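Quick notes on the structure that follows.
Since the model is a prediction, treat every value here as computed from it, not as a measurement. Each ligand, and each atom within it, is numbered from 1 in the order the structure gives.
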Amino acid sequence: MAIKKKIIVKSTLVEMDGDEMTRVMWRMVKDKLLFPYLDMKLDYYDLHVKHRDDTDDRVTVEAANAIMTHGVGVKCATITPTEDRVREYQLKKAWKSPNGTIRAMLDGTVFRTPIMVKNIRPFVSPWKKPITIGRHAYGDVYDNTEMRIDGPGRAEIVFTPAGGGEPSRKTLAEFAGPGIVQGIHNTDPSIRSFARSCFTLALDRKIDVWFSTKDTISKIYDTRFKDIFADEYKTHWEAKFREAGIEYFFTLIDDAVARAVRSEGGFLWALKNYDGDVMSDMIASGYGSLAMMTSVLVSPRGHFEYEAAHGTVQRHYYKYLKGEETSSNSMALIFAWTGGLRKRGELDATPDVVAFADTLEKAAIATVESGVMTGDLLAVADKQPGNRKVNTEGFIDAIAETLDRMLP
Ligand code: NAP
Ligand code: MG
């Protein structure tokens, strides 16, 4: 019960509401864990799928602009419309993914970090600290052009300069019979933005950066990534990293994979688009649960947007609508708020806000470690006599009780 004096959050925090079960939990988290303790100025954007539809998705663009104005946002999970969703919510069309729109506007990189608790052990036994994955989200095979080859002939790569001049060409393959070809690309500015976002987050969290490519084989393409990272680091980050006692480390992707599995964790692993896609799933399952994965979008200009890595937990929401009991896990949503509040507090130089964020995280972790948890966690946690499954709201109530005890 909050009879304590409320902590003032000095500057505006951008809030993006969302859909389904996460929208239900979002409300509870605010009512039970935040509003009783904080006096916040929230710039609220309702990204509910129906409201995006009503505004022809302008609300998403406004939210992204607000993050650029205020510097920090927190976002609930949102539906990315598909044909099924268009029917379900009677939408005008299948609007683009809000995360995609915001990421493109901020030119940002998404970093995912698992929340660790003592009673859920990573499947990979040496991991003691979280591994944060930063995946480059532009180009490569996700934006490719590919072709089936029916018979003998020559495949070429041709570049035609925009201002006229001789095209340059290289032979890709001389086909003796049927086969396949693929063309991929990336751009220097996109790679540099990616590098900047990675160094920004690592400095923010005081963790080392690992970057890995297949530059031994791909002597122009992957080597370009390696060179841009090296140049960006040397020019803008080396001194700051040294001062913070952290390092930038480049190694071959094969070597990085082998090292990561044997490491204690505790670093940021920057990965090209495909490597990041694959490795983030390996890391997520290695640490135990999708519901314990946090996510932050970092722009190269230092804007931050925090969210949970999971979706709207649709299946639980349908049960909730039918009045059935649910046991959905709000940990990653809570950590989205604490991430945003901590960053806000750092930027505003308000240590009491940072301390509140720290305490709320400790309270959430202590609750799970005491054995009180949602069904998804109970299934993977150490079997202990005190373990108790709680419902969606009961979990948040239990955290609120712990928080109340921990706050001064
Ligand atoms: P999801 O919401 O991540 O849920 C998939 C399954 O993972 C759930 O059914 C549940 O398993 C488990 N799970 C995820 N989060 C949980 C939590 N907090 N507590 C307990 N269990 C949790 O993925 P989805 O069902 O494939 O997608 C639903 C919607 O989310 C889609 O419309 C998609 O577009 C959207 N989405 C949004 C984001 C985002 O905004 N960042 C990201 C991904 C997906 P059980 O059912 O086995 O209990
Ligand atoms: Mg994947």
> Is it the side chain (CB and beyond), the backbone, both or neither of E307 that lies under 4.0 Å from ligand 1, heavy atoms counted?
Replying inline: side chain
> Do any nitrogen or oxygen atoms of N99 come within less than 3.5 Å of a nitrogen or oxygen of ligand 1?
Replying inline: yes
> What's the shortest distance from atom 32 (O) of ligand 1 to any protein heavy atom, and which residue and atom give it?
Replying inline: R85 NH2, 2.9 Å
> Is there a side-chain contact between R23 and T312 (heavy atoms, below 4.5 Å)?
Replying inline: no
> Distance below 4.0 Å between atom 26 (O) of ligand 1 and any protein heavy atom?
Replying inline: no
> Does A77 reach ligand 1 with a nitrogen or oxygen that is under 3.5 Å from one of the ligand's nitrogen or oxygen atoms?
Replying inline: no
>> Counting neighbours of OH on Y89 that are heavy atoms of other residues, nucleotides or ligands and sit closer than 6.0 Å, is the number greater than 12?
In response: yes
>> Using heavy-atom distances only, which candidate in H310, E20, M292 approaches atom 14 (C) of ligand 1 most closely?
In response: H310
> Is the ring centre of Y287 less than 6.0 Å from the ring centre of W127?
Replying inline: yes
>> Parallel, tilted or perpendicular, judged at 30° and 60°: which one describes the rings of Y320 and Y317?
In response: parallel
> Does H316 reach ligand 1 with a nitrogen or oxygen that is under 3.5 Å from one of the ligand's nitrogen or oxygen atoms?
Replying inline: yes
> For atom 46 (O) of ligand 1, which protein heavy atom lies nearest, and how many Å away is it?
Replying inline: R315 NE, 2.5 Å
>> At less than 4.0 angstrom from any non-hydrogen atom of A291, what atoms of ligand 1 do you find?
In response: 16 (C), 17 (C), 18 (N), 19 (N)
>> Tell me if the OH atom of Y274 is crowded by more than 12 foreign heavy atoms within 6.0 Å.
In response: no
> Got a second to check how far F395's CZ is from M331's CE, nearest 0.5 Å?
Replying inline: 5.0 Å
>> Please report whether atom 16 (C) of ligand 1 has a protein non-hydrogen atom at a separation of less than 4.0 Å.
In response: yes
>> Angle between ring planes, F241 versus F199, binned at 30° and 60°: parallel, tilted or perpendicular?
In response: perpendicular
> With a cut-off of 4.0 Å, which atoms of ligand 1 are near a heavy atom of K75?
Replying inline: 40 (O)
> What is the nearest protein non-hydrogen atom to atom 40 (O) of ligand 1, stated with its residue, atom name and distance?
Replying inline: T78 N, 2.9 Å
> Mind checking whether F229 and F211 have parallel, tilted or perpendicular rings, split at 30° and 60°?
Replying inline: parallel
>> Centroid separation under 6.0 Å, is that true for the rings of Y138 and H185?
In response: yes
>> So, taking the atom named CD in Q384 and the one named CD in E369, what distance separates them when rounded to the nearest 0.5 Å?
In response: 10.0 Å
>> Using salt bridge (charged side-chain N to carboxylate O under 4.0 Å, His left out), reason through K96 and D57 one step at a time and then give a plain yes or no.
In response: CA-CA 8 Å; K96 279 193 261 176; D57 211 20; over 6 Å; no
> Tell me, which protein residue and heavy-atom name are nearest atom 2 (O) of ligand 1, and how many Å apart are they?
Replying inline: V313 N, 2.7 Å
> So which of D376, I79, T312, T80 gets nearest to atom 29 (C) of ligand 1, if we judge by its closest heavy atom?
Replying inline: T312
>> Among all the protein's heavy atoms, is there at least one whose distance to atom 7 (O) of ligand 1 comes out below 4.0 Å?
In response: no
> Is there a protein heavy atom less than 4.0 Å away from atom 12 (C) of ligand 1?
Replying inline: no
>> Can you report which non-hydrogen protein atom sits closest to atom 18 (N) of ligand 1, along with the distance?
In response: N329 O, 2.8 Å
> Quick check: does G311 get an N/O under 3.5 Å from an N/O on ligand 1?
Replying inline: yes
> Should you measure from each heavy atom of L290, which atoms of ligand 1 turn up under 4.0 Å away?
Replying inline: 3 (O)
> Should the pair K272 and F225 be classed as cation-pi, given the thresholds of under 6.0 Å to the six-membered ring centre and 45° from the axis?
Replying inline: yes
